[in-house]
Colleague: 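Before we start, here is the structure in question, set down as structure tokens.
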Amino acid sequence: MRRESGFEKTDSEGFALSLERLFGIGLAGRGVVPYLIRHRLPVPGTLHIEIVLFAASDLPRVEDFIREEFDGLPGRFEPERPSALSDLSPIEATLRLGPTRRNLPEWKGFDDTPFLVTINTLFGEAFRAALARLSGTERAEGLGKSSQELKELYALAQRLDGSFSRLFASFGETRNGFSAAEPASSDESSPAAAGGLSPEEAARFLASRETALKRILMIARENGLSVEEPPPSLPREEGFLGEEDFPAFLEELRILGLDTEEKLGAFFLEKLTGWEDLYAGFESARLRGWLEKRPIPLAGLVSVLIRVNGNA
């Protein structure tokens with residue numbers, strides 16, 4: 001349910017799920033796809049976000065995201081911790097929302113709520129779990145490992161963690177190489193390239209989406225965005241046709257293959273009508289740097305939201 005200023009969040013669970021989505025979208029925008037993002041509510045009034053990375057090489061980008069989007073609480077942030085997870089221990093910080101996000105209506109009620117974030121690698125998590133199991137067994141059976149043996153095991157784990165980091169990085173380079181080698185998507189046999197909606201049909205469709213456009217404009221104003229609407233002296237579809245960003249709207253339709261009114265209508269209904277979907281779309285666009293400070297034509301703003309959902 002939507003309030004006047006944002007969709008409703010009534011409890012810590014709602015805040016936790018919103019933070020999970022925020023971290024997922026924000027890290028993906030920086031090229032980081034974690035192995036795991038999850039939350040725990042250890043006791044009432046506390047919140048713990050756990051992030052497990054495939055490789056330690058992703059950590060600098062995670063730290064950059066945290067510095068940009070959140071505030072560390074005085075005396076509870078650990079800026080001296082190295083950015084390499086060299087000891088296979090998790091990095092922890094107690095955070096709250098940054099000043100920009102605290103002023104957004106969708107975070108109202110949680111603008112000053114602290115939460116704990118823990119970051120570790122997949123290998124570090126597995127190693128620590130195995131070490132804890134070993135320590136428990138030793139205590140139960142009265143066994144003991146020499147200090148030298150533990151140091152050797154620790155050094156091996158560090159080397160393996162570095163090897164995994166390089167391996168995952170090479171996967172990313174290989175994937176990017178394949179993407180760069182692929183020819184541009186200009187297959188004239190595809191429905192989008194062969195035909196699709198005419199500019200007039202697309203403008204008429206967009207002008208008919210009254211509910212979605214009203215909600216988009218409302219959220220844009222709440223986010224402090226300046227949106228240029230078509231001149232009221234013209235029929236709305238003609239105004240859209242004259243907007244400088246209307247070609248960008250047509251290009252997003254072509255890329256996603258939204259070449260009929262039926263497909264476009266289904267897309268709008270699923271992605272660009274519900275309050276929560278629209279708030280998530282604005283959040284994702286903001287994190288990717290796609291919401292410019294300049295006044296943006298309405299068709300251009302819709303094209304950004306279509307691009308967000310096409311890249312989700």
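It should be emphasised that the depicted structure is a prediction, and the values quoted were computed from it without experimental measurement.
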Colleague: Mind checking the CG-CD spacing from L301 to E228? Nearest 0.5 Å is all I need.
Modeller: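 Atom-to-atom, L301:CG and E228:CD are 11.5 Å apart.
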
Colleague: Please work out which of the three classes, parallel, tilted or perpendicular, describes the rings of F240 and F246, given edges at 30° and 60°.
Modeller: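 Ring orientation, 0 to 90° scale: parallel.
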
Colleague: In Å and rounded to the nearest 0.5 Å, what is the CZ to CD1 distance from R288 to I25?
Modeller: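 It is 7.0 Å, given to the nearest 0.5 Å.
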
Colleague: For the residue pair F65 and V32, establish whether any side-chain heavy-atom pair is separated by less than 4.5 Å.
Modeller: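 With C-beta onward as the side chain, the pair stays apart.
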
Colleague: Would you say W107 and L22 make side-chain contact, with heavy atoms under 4.5 Å?
Modeller: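 They are in side-chain contact.
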
Colleague: If you look at every heavy atom in G239 and P231, which pair is closest and at what distance?
Modeller: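 Closest heavy-atom pair between G239 and P231: CA-CD, 4.3 Å.
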
Colleague: Locate the shortest heavy-atom distance separating I306 from E252; write the atom from each residue and the value.
Modeller: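 Closest approach of I306 to E252: CG2-CB, 3.9 Å.
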
Colleague: Do any pairs count as a salt bridge (Lys or Arg N to Asp or Glu O under 4.0 Å) and have a residue in residues 29-57, sequence neighbours left out, and if so which ones?
Modeller: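 Sorted pair list: R30-E68, R38-E50, R40-E50.
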
Colleague: For side-chain contact (heavy atoms from CB on, under 4.5 Å), just list the numbers for F267 and T273, CA-CA rounded to whole Å, side-chain angles, deciding distance to a tenth of an Å, and then say yes or no.
Modeller: CA-CA 9 Å; F267 183 89; T273 301; over 6 Å; no

Colleague: State whether D58 and R61 are salt-bridged, where the test is any N-O pair (Lys NZ or Arg NE/NH1/NH2 against Asp/Glu carboxylate O) under 4.0 Å.
Modeller: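 The answer is yes: the pair qualifies as a salt bridge.
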
Colleague: With heavy-atom distances below 4.5 Å as the criterion, would you say the side chains of Y35 and T121 are in contact?
Modeller: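 Sidechains of T121 and Y35: no contact.
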
Colleague: Rounded to the nearest 0.5 Å, what separates atom OG1 in T118 from atom CD1 in I91?
Modeller: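 Answer rounded to 0.5 Å: 10.5 Å.
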
Colleague: Take L95 and D71 through the side-chain contact (heavy atoms from CB on, under 4.5 Å) test and state the conclusion after the steps.
Modeller: CA-CA 6 Å; L95 308 172; D71 285 343; over 6 Å; no

Colleague: Please give me the minimum heavy-atom distance between I49 and I37, naming the atom from each residue.
Modeller: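 Shortest heavy-atom separation between I49 and I37 comes out as CG2-CG2, 4.4 Å.
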
Colleague: Just grab all the salt bridge (Lys or Arg N to Asp or Glu O under 4.0 Å) pairs involving residues 202-214, residues at least two apart or on different chains.
Modeller: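 Found E210-R236.
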
Colleague: If you take all heavy atoms of P199 and L241, which pair is closest and at what distance?
Modeller: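 Scanning both residues, the minimum pair turns out to be O-CD2, 3.5 Å.
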
Colleague: To the nearest 0.5 Å, what is the distance between CD (E244) and CD1 (I296)?
Modeller: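 Reported to 0.5 Å precision, the distance equals 9.5 Å.
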
Colleague: Answer with yes or no whether the hydrophobic clustering places L17 together with L116; edges join I, L, V, M, F, W, Y residues whose side-chain heavy atoms lie under 4.5 Å apart.
Modeller: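 No; tracing contacts between hydrophobic side chains, which count when under 4.5 Å, never links both residues.
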
Colleague: Is the closest side-chain heavy-atom distance between L197 and L264 below 4.5 Å?
Modeller: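 Yes; the side chains approach each other to less than 4.5 Å.
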
Colleague: Can you find a pair of side-chain heavy atoms, one from D245 and one from F249, that are under 4.5 Å apart?
Modeller: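 When only atoms from C-beta onward are counted, F249 and D245 do not touch, as no gap falls below 4.5 Å.
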
Colleague: Salt-bridge test for R221 and E229: reply yes if a basic N is under 4.0 Å from a carboxylate O, no otherwise.
Modeller: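 Result for this pair is yes, salt bridge flagged.
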
Colleague: Quick one: pull up CG in N309 and CG in L256 and give me the separation to the nearest 0.5 Å.
Modeller: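 Those atoms lie 9.0 Å apart.
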
Colleague: Measure across L206 and A299 and return the closest heavy-atom pair with its distance rounded to 0.1 Å.
Modeller: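 Nearest heavy atoms, L206 then A299: CD2-CB, 4.1 Å.
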
Colleague: Does the ring centre of F70 sit less than 6.0 Å away from the ring centre of F115?
Modeller: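 Between F115 and F70, the centre distance is under 6.0 Å.
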
Colleague: Do F23 and V62 have side-chain heavy atoms sitting under 4.5 Å apart?
Modeller: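 Of all side-chain heavy-atom pairs linking V62 with F23, none is under 4.5 Å.
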
Colleague: Mind running salt bridge (Lys or Arg N to Asp or Glu O under 4.0 Å) on R254 and D259 for me, showing each step along the way?
Modeller: CA-CA 7 Å; R254 185 196 69 77; D259 53 353; over 6 Å; no

Colleague: Using every non-hydrogen atom in the two residues, find where R215 and G274 come nearest and quote the distance to one decimal.
Modeller: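 Closest approach of R215 to G274, heavy atoms only: NH1-CA, 4.1 Å.
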
Colleague: Does the Lys NZ or Arg CZ of R307 fall within the cation-pi geometry relative to W290 - under 6.0 Å from the ring centre and within 45° of the axis?
Modeller: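 Yes, R307 sits over the ring of W290.
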
Colleague: How many angstroms lie between atom CG of L272 and atom CD1 of I216, to the nearest 0.5 angstrom?
Modeller: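 If I round to the nearest 0.5 Å, the distance is 5.5 Å.
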
Colleague: Any side-chain to backbone donor/acceptor pair from S284 onto G281? Under 3.5 Å, distance only.
Modeller: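 No.
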
Colleague: Tell me whether V227 is reachable from V304 by hopping between hydrophobic residues (I, L, V, M, F, W, Y) whose side-chain heavy atoms are closer than 4.5 Å.
Modeller: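 Same cluster.
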
Colleague: Let's go through R96 and R102 carefully: what are the C-alpha distance in whole Å and the side-chain angles of both, what is the deciding distance for side-chain contact (heavy atoms from CB on, under 4.5 Å) to 0.1 Å, and is it a yes or a no?
Modeller: CA-CA 9 Å; R96 66 175 181 177; R102 287 202 298 270; 3.5 Å; yes

Colleague: Take L47 and T113, measure what side-chain contact (heavy atoms from CB on, under 4.5 Å) needs, and give me the verdict at the end.
Modeller: CA-CA 9 Å; L47 170 59; T113 302; 5.9 Å; no

Colleague: Does a side-chain heavy-atom distance below 4.5 Å link E243 with L298?
Modeller: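 Yes, close enough: below the 4.5 Å cut-off.
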
Colleague: Counting C-beta onward and ignoring hydrogens, is there a side-chain heavy-atom pair between H39 and L41 closer than 4.5 Å?
Modeller: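 Side-chain contact under 4.5 Å: yes.
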
